[in-house]
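Taking it in order: structure first as structure tokens, then the write-up.
Residue numbers count from 1 along this sequence. Ligands are counted one by one from 1 in listed order, and the atoms in each one are counted from 1 as well.
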Amino acid sequence: MPPSGNPFTPFDQIQNTPGLGKDERLCLSATVVAIEKGGRKIASLLRQGPILGITGSTDTKNIQGEEVQTMDQIAQNTFLTYFQQSGAVQALLSEESEFPALLPVRFSSPCLVAMDPLDGSSNLSVNASVGSIFAIFRPARDPRAGVPSDTELFNDSASGLFAACYLLYSVSTSLVLAINGEVHVYTLDPSTGEFVGNGTPVQFPDGGKIYSVNEAYYPSWEAPLQEYIQWVKTDRKPTMILRYIGALVGDFHRNLLKGGIYLYPPDASDRVKASGKLRLLYEAYPMAFIARAAGGMATDGHRPILEIRPNSYHQRIPLVVGPSDLIREFQSRIGAPVSS
Ligand code: AHG
Ligand code: MN
Ligand code: MN
């Protein structure tokens with residue numbers, strides 16, 4: 001609780017962020033309000049999941065060839081509706097649609113949003129954590145110059161990324177928002193519908209000893225990664241422990257609070273995952289942005305994630321993200337250039 005005694009909210013964080021213009025502040029506030037509305041709705045639906053019959057599959061595949069769960073579609077429609085109503089989002093790219101949707105705009109400096117409306121949706125049928133992820137960009141060109149073509153959207157993305165956010169639906173519902181080098185964690189108070197924080201920015205703790213990776217894929221990793229994983233659990237001092245939920249938001253959140261490295265490496269045995277499984281624009285970028293604001297780093301094994309320019313909307317990328325001490329150690333062990 002901040003000194004005033006009033007709860008600290010995402011609105012307060014946006015108001016207190018230096019360096020935002022008046023229009024940007026308004027637009028970001030409206031965008032985050034849309035995310036909060038969606039978070040409340042999804043959290044409430046998930047609480048009743050099996051009773052409402054919404055934790056199963058639609059028996060269809062999305063454009064990535066992955067099975068679409070009923071909740072993937074509900075989350076997609078929910079956030080699309082709230083972003084449409086906000087008038088603050090010029091274009092919305094989603095995991096669940098092939099091309100960005102162009103939305104009606106009422107603000108003079110609208111933003112672009114890339115989202116994973118429901119992350120880890122295969123966890124739903126077993127009542128485990130899922131999330132929603134958002135990357136928020138300034139458009140590369142002036143929105144008053146008219147509707148941009150598809151290829152002009154999101155192609156300069158990392159340089160325009162100015163906020164990132166995720167919702168974690170678990171025992172409670174968290175909203176984590178990063179802007180301008182500060183990360184705050186908020187909890188949904190179901191009695192008021194408000195997301196409430198304590199006003200203290202979050203940083204990765206030093207000396208974390210968690211690693212999070214799907215080790216079943218060990219045989220198809222490259223040798224340096226295999227050696228690194230062997231080392232962290234045998235010869236490293238102290239040795240590390242494995243925690244893996246199988247949902248990026250849940251795994252990242254635990255690692256943010258406790259200190260841990262998350263890895264989704266390339267999988268040479270799988271054509272689709274040969275360049276990793278996670279998507280650059282709406283999984284790797286936002287987590288890399290939040291990590292950097294919390295004193296961490298993110299790499300694809302060779303380059304900092306936030307220096308990679310996308311070559312397609314749904315580009316996949318290997319992702320290694322966590323506190324700087326663990327990422328530097330990882331880079332030096334696998335012989336990759338160590339980022340500053
Ligand atoms: P999504 O449900 O949005 O497709 O994302 C699932 C992702 C990510 O959340 C998670 O970390 C990863 O898939 C787990 O993959 P594996 O089952 O291959 O470990
Ligand atoms: Mn996902
Ligand atoms: Mn998803």
- Query: Does one side chain, of E283 or Y264, offer a donor that lies under 3.5 Å from an acceptor on the other?
  - Reply: no

- Using ring-ring contact (aromatic ring centres under 6.0 Å, His included) as the criterion, list what pairs up with Y211, not counting sequence neighbours. none

- Message: Would you call the rings of H184 and F8 parallel, tilted or perpendicular, taking 30° and 60° as the class edges?
- Response: tilted

- Message: If you define the side chain from C-beta out and look only at heavy atoms, does anything of Y244 sit under 4.5 Å from E215?
- Response: no

- Message: Is it true that N180 and T17 share a donor-acceptor pair across their side chains at a distance under 3.5 Å?
- Response: no

- Taking the side chain as every heavy atom from C-beta outward, state whether Y166 and H253 have any atom pair closer than 4.5 Å. yes

- Message: When you measure from the centre of the six-membered ring of Y228, is the NZ or CZ of R333 closer than 6.0 Å and no more than 45° off the axis?
- Response: no

- Protein N, O or S within less than 2.8 Å of the Mn ion (ligand 2), waters excluded: D116 OD2, D119 OD1, E283 OE2

- Note on the structure: Ordered by chain then number, the protein residues lying under 4.0 Å from ligand 1 by heavy atom are E66, E95, D116, L118, D119, G120, S121, N214, Y217, Y244, G246, A247, L248, Y262, Y264, K273, K277, L278, R279, E283

- Item | Residue list, side-chain hydrogen bond (donor to acceptor under 3.5 Å, both in side chains) with R254, at least two apart or on another chain | S212, D251

- Message: Among R316, K61, K277, which residue satisfies the salt bridge (charged side-chain N to carboxylate O under 4.0 Å, His left out) criterion with E66?
- Response: R316

